Number of protein chains: 2
Amino acid sequence: MNAKVSSTRRLSPEDREKQILEGAIKFFAEKGFSGQTRELALQLGITQPLLYRYFPTKRSLIERVFNEVYINKLDPVWSEALTDRSQPLHKRLCDFYCNYSEATYRNEWIRIYMFSALMEEPLNKHYIGLVEEKILAPICIELRHYCGLPDIDINPIDQIELDHVWVMHGGLFYHAIRKHVYRSRVSSNFNEIVSRAVSTMLEGNKAIQH
Amino acid sequence: MNAKVSSTRRLSPEDREKQILEGAIKFFAEKGFSGQTRELALQLGITQPLLYRYFPTKRSLIERVFNEVYINKLDPVWSEALTDRSQPLHKRLCDFYCNYSEATYRNEWIRIYMFSALMEEPLNKHYIGLVEEKILAPICIELRHYCGLPDIDINPIDQIELDHVWVMHGGLFYHAIRKHVYRSRVSSNFNEIVSRAVSTMLEGNKAIQH
DNA sequence: GTTTTTATTTATCATCTGATAAACTGCAGT
DNA sequence: ACTGCAGTTTATCAGATGATAAATAAAAAC
């Protein structure tokens, strides 16, 4: 039954580093950053000092984990597609959340993100800024256009407007939190959830016209 | 400037226990449960072994923290008021989230909740069950009635329907996560956010009638 | 005022934990 | 087959960390 877990064979430095990094992602996603190097090594089937041949400190390994998980996961094409008015807004939003969720609503991504946020890692604030600038502000603008409200040139987007869009965005993100952090039973058909949430948001906003 | 922090005076056991418990709530909310007893003691202005006179183990202190923060925070009156059809649903939902958020969208509550969820504490699953049963399922029922859809007796509430309501609920909860976990700047006028989210949700659902 | 009680501190333990150094071993080059 | 390089392990350290026992001191009891 494959009892030998890719055991203590000699690997090339590149392979070993990659193996450690990927193992560390899984490990820290599960245990948080206070997880211990010995337990990580055990899980990798190597000895603990070997980690220090590839990463000078535990902290440096954690920072490599951040890079690996968060670098270049937001494709700028997606946010450009958000503003392509040749497509109906409902479709644009559904497509966007389909792509976005596939990239980020993953177990390791979500859990490491929450751990890092609780630990006040700068990663979090940086990422939030990106989300507001590249995703939520564009959605606000498109939403105004959809509802026939004044353009951004007339009055700029304010905090209340941004927070209103955050409710849908956060609500969808929260689906991933429920799945990967709470480990609740959630409906697997996420596209259906997105489609309903987007429809409701669009029709609701059109109806109430604040 | 009150440099002496309620210093090393002798306190009655009740007062000391209360002081430790309240300090522990603040402390663990900030550092997570891997925060160290010596640092907690320092923050309280007492020595570390004194903690062990009042709590046999660190774990027992953590469990007292859970009790203190989460016991009886959900007033059953709120969920009853949700189903009182003599009031318009919009008002009922706004009132509910106003009360609910005041009780739970607090720094210590939110942060300890996220820490405990990531650590797979049973607290979390228990609480989620309560939310679905006492809050979200009733909202689903009221929403059907509001939209003129078939009653619960005809077809029961399914996972998709629950998840749809979770999007608004989670979106509002996520506001508190942004504030207390991410520590982002959020608009302070939460009632306005709630009112808009509820209006949008109600009108949107009426409009699309899935 | 003396004694007793008990809240609190000091001193300390055993284990854990990140990190280092030296020994070992598989493999490439000759 | 021998040699040397480099990937890996064993042994170990120093400081941290949860927990305990004995000593101290403030308040209560007499």
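Just so it is clear: chains get the letters A, B, ... in the order the sequence lines come, proteins before strands, and each one is counted from 1. Since we're looking at a predicted model, the values are computed, not measured. The analysis underlying the following values was restricted to heavy atoms, covering all of them including side chains, and did not include hydrogens, waters or symmetry mates.
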Whole-Å gap separating [atom2] ([N]) and [atom1] ([X]):
X     : N      : atom1 : atom2 : answer
B/L50 : D/dA19 : CG    : C1'   : 14 Å
A/L42 : C/dC16 : CG    : P     : 14 Å
A/K58 : C/dT17 : NZ    : C1'   : 8 Å
A/I46 : C/dA19 : CD1   : C1'   : 15 Å
A/F55 : C/dT20 : CZ    : C1'   : 18 Å
A/R59 : C/dA19 : CZ    : P     : 11 Å
A/Y52 : C/dT17 : OH    : C1'   : 8 Å
B/L44 : C/dA7  : CG    : P     : 17 Å

What protein N or O atoms touch nucleotides 12-15 of chain C N or O atoms at under 3.5 angstrom, if any, and at what distances?
none

### Message
Side chain of B/T47, heavy atoms from C-beta onward: which of D/dT10, C/dT8, C/dT9 has the nearest atom to it?
### Response
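Selected nucleotide (nearest to the side chain): C/dT9.
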
### Out of C/dT8, D/dT8, C/dT17, whichever nucleotide has its closest atom nearest the side chain of A/Q36
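So the side chain of A/Q36 is nearest to C/dT17.
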
Looking at [X], I'd like to know whether one of its side-chain N or O atoms comes within less than 4.0 Å of OP1 or OP2 on [N].
X     : N      : value
B/T37 : D/dG18 : yes
B/Y54 : C/dT8  : yes
A/R53 : D/dT8  : no

### Task
Check step by step if ring pair (Phe, Tyr, Trp, His ring centres under 6.0 Å) holds for A/H169 and A/Y100.
CA-CA 11 Å; A/H169 185 84; A/Y100 182 69; 5.6 Å; yes

### Query
How far apart are the C-alpha atoms of B/F66 and B/F33, what are their side-chain angles, what is the distance that settles it, and do they pass the ring pair (Phe, Tyr, Trp, His ring centres under 6.0 Å) test?
CA-CA 11 Å; B/F66 287 151; B/F33 303 120; 5.4 Å; yes

## Note on the structure
Nucleotide by nucleotide, nucleotides 23-30 of chain D touches protein heavy atoms under 4.0 Å in the pattern (B base, S sugar-phosphate only, - none) --BBS---

#### Entry: Atom NZ of B/K125 with >12 non-hydrogen neighbours under 6.0 angstrom
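It does: B/K125 NZ has more than 12 such atoms within range.
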
### Neighbour count >12 (heavy atoms, 6.0 Å) for atom NZ, B/K58
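Enclosed.
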
### A/V167 and its side-chain contact (heavy atoms from CB on, under 4.5 Å) partner, picked from B/V198, B/L172, B/T200
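The passing option is B/L172.
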
### Query
Under a 4.0 Å N-O cut-off, is there an ion pair linking B/R64 with B/E17?
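Salt bridge between B/R64 and B/E17, a charged N being under 4.0 Å from a carboxylate O: yes.
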
### Task
Identify whether any heavy atom of A/P13 sits under 4.0 Å from a base atom; if not, whether one sits that close to sugar-phosphate; answer base, sugar-phosphate or nothing.
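A/P13: backbone/sugar contact only, no base atoms under 4.0 Å.
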
### Message
Using a 4.0 Å heavy-atom cut-off, does B/S12 contact any base of the nucleic acid, only the sugar-phosphate backbone, or nothing at all?
### Response
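Result for B/S12 = nothing.
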
### Message
Aromatic contact between B/F190 and B/Y105, with the criterion being ring centroids under 6.0 Å apart: yes or no?
### Response
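Between B/Y105 and B/F190, which both carry aromatic rings, the centre distance is below 6.0 Å.
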
### Message
Ring centroids only, cut at 6.0 angstrom: are B/Y127 and B/Y113 within range, meaning strictly under it?
### Response
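Yes - the distance between ring centres of B/Y127 and B/Y113 falls below the 6.0 Å cut-off.
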
### Query
Just how far is it from atom CG of A/L89 to atom OG1 of A/T83, taken to the nearest 0.5 Å?
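That separation rounds to 10.5 Å.
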
### Task
Might you point out which heavy atoms bring B/H90 and B/S195 nearest each other, and give the distance in Å?
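Scanning both residues, the minimum pair turns out to be NE2-O, 3.5 Å.
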
